[in-house]
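Structure record follows, encoded as structure tokens.
The figures that follow rest on heavy atoms only: side chains count, while hydrogens, waters and symmetry mates do not.
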Protein chains: 2
Amino acid sequence: MTSEKLTTAPRKPASRRYDEGCAATHAMDIIGQRWALPVMRELMLGPRRFGDLKNSINGISANLLTQRLGSLEAGGVLRRATLPPPASVPVYELTRWGHAALPLFDAMGQWGARSPGHDHRRPLSATALLLTLRSMIDGAAAAPLEGTIRLTLDGEDFSWTKDGEDIRLARGTPDRWRVSIAGAPDVLAGWLFGEGEEAMLAAADQLSVEGDLDFAMRFADCFGAASSDF
Amino acid sequence: MTSEKLTTAPRKPASRRYDEGCAATHAMDIIGQRWALPVMRELMLGPRRFGDLKNSINGISANLLTQRLGSLEAGGVLRRATLPPPASVPVYELTRWGHAALPLFDAMGQWGARSPGHDHRRPLSATALLLTLRSMIDGAAAAPLEGTIRLTLDGEDFSWTKDGEDIRLARGTPDRWRVSIAGAPDVLAGWLFGEGEEAMLAAADQLSVEGDLDFAMRFADCFGAASSDF
DNA sequence: CTGCATCCGCAGGGATACTG
DNA sequence: CAGTATCCCTGCGGATGCAG
């Protein structure tokens, strides 16, 4: 007889993905993998190095980052590349389709920011803050906020440019800006989203703002109202 | 002395969520839970019963469905309710914030449908097909497709109404329609997305179409082009 | 019919240490 | 700096049984 195993019937592989014809769940099969979303987020503003990714994604370990970069490359979201000389360092960059996920970050940001359980005061990376701001401002009464803001977050420069309905984000220092704001991402978030005068003033103390201060204030007003909605 | 365990240092709970200030990752903390997205999807067109949810979500088991319904209720996405008499049956329905995730399905659908790895021919529920179609049609050259279509999928009636930029979906039979299409969701998907004449003809054989046939053909043409993009 | 509780096997996740 | 190797543990998935 040698009855193999009565209790263990032949098991199916039991993939942890959805594998449906539904386009939304298929998207989730990709971005729903652990750490996939933060990785894509950190690449949305341009190519980055392995170590920089690891440092700006809070809590990820090297082996998991390796795994995720591998599966996202296999899925066509990103690719490995080497920066042109004299840099010649290996980086990861989004493919064209990977970049097309930007509206997805907008939609997720808009929905997530309105979550009853969302606490905007938790730490977040520079890219995370920029994309969150981008998602929260669109459609708001931010009409008179055309122009460029220079943001220095964690010591790195970024440019925020509102051009009509469009918000353009980029790494690097802009040529011209109406106001320049420097500080840690979570401090800036505390200032923009802070409820109560004291919280905002406390945050403002840790920021350095130069240029058109009135413009900065109107910028901040856009987010104070938007964070409490539902 | 009594050295407890040298190899096992005090472990942190190691939550599998992101828990950041970033709004997008916070959204993922909710919809990224296993089966959360299909559950929300099946509720987007109105309240449903436990058993119906279980039947239309392929591969989920009762205990997991219970778990997910519980965590989504705790998260404010959905609530338990009882249908008014004489039905008086327990159902699950989305909260206002839960319904606000509809644009998220649009964004995910648009991105997922363009995935190089997406196979639209896999089985999918009626709701999944309707939301996938909704996400794929918007912005397309579907201007002359105003009006209502009656869709009978898996024996249940739905209405698809295009009103300007807006696509409205609902369960139930519409009062008036330009064309009525009946069949299984994956067969209809095969007809709409099918590449090659034969595939479309084979699918068409298994569908029953009544009313304005020309309208139905123009409707189908919207999706054949959209599915191959990147 | 509508769920909830429990047991078990397994794959993926997380921390740490290590190699090129 | 850029990953790989190892080990442990949790959560998922499936089956089953039970209560209202």
Identify, residue by residue, the members of residues 32-55 of chain A with a heavy atom below 4.0 Å from DNA chain D, and return them in order of residue number, or none. A:Arg49, A:Phe50, A:Gly51
Does [X] have a side-chain nitrogen or oxygen under 4.0 Å from the phosphate oxygens OP1 or OP2 of [N]?
X	N	answer
A:Gln67	C:dG12	no
A:Arg16	D:dG11	no
A:Tyr92	D:dA2	no

Pairwise 5' ranking along DNA chain C for B:Pro90 and A:Asn63, keeping only the more 5' one: B:Pro90
Could you state the [atom1]-[atom2] distance from [X] to [N], rounded to the nearest angstrom?
X	N	atom1	atom2	result
A:Leu69	C:dG13	CG	P	13 Å
A:Asp19	D:dC12	CG	C1'	16 Å
A:Ile60	C:dT16	CD1	P	15 Å
A:Arg68	C:dG14	CZ	P	10 Å
A:Asn58	C:dG14	CG	C1'	14 Å

Kindly compute the distance separating NZ (A:Lys54) from CG (A:Leu69), expressed to the nearest 0.5 Å. 12.0 Å
Once rounded to the nearest 0.5 Å, what's the spacing between atom NE2 of B:His99 and atom CG of B:Leu45? 8.0 Å
Note: B:Thr148 and B:Ser159 closest approach over all heavy atoms is CG2-CB, 4.3 Å
Ignoring hydrogens, what is the shortest heavy-atom contact between A:Phe158 and A:Pro174? Give both atom names and the distance. O-CD, 4.0 Å
Out of A:Asp175, A:Asp157, A:Thr173, which residue meets the side-chain hydrogen bond (donor to acceptor under 3.5 Å, both in side chains) rule with A:Arg150? A:Asp157
Run the side-chain hydrogen bond (donor to acceptor under 3.5 Å, both in side chains) test on B:Glu210 and B:Ser180 for me, step by step, so that the C-alpha distance in whole Å, both residues' side-chain angles and the decisive distance to 0.1 Å come before the verdict. CA-CA 5 Å; B:Glu210 293 175 37; B:Ser180 169; 5.6 Å; no
Measure from the side chain of B:Leu64, starting at C-beta and using heavy atoms only, and say which of C:dT16, D:dG3, D:dG13 lies closest. D:dG13
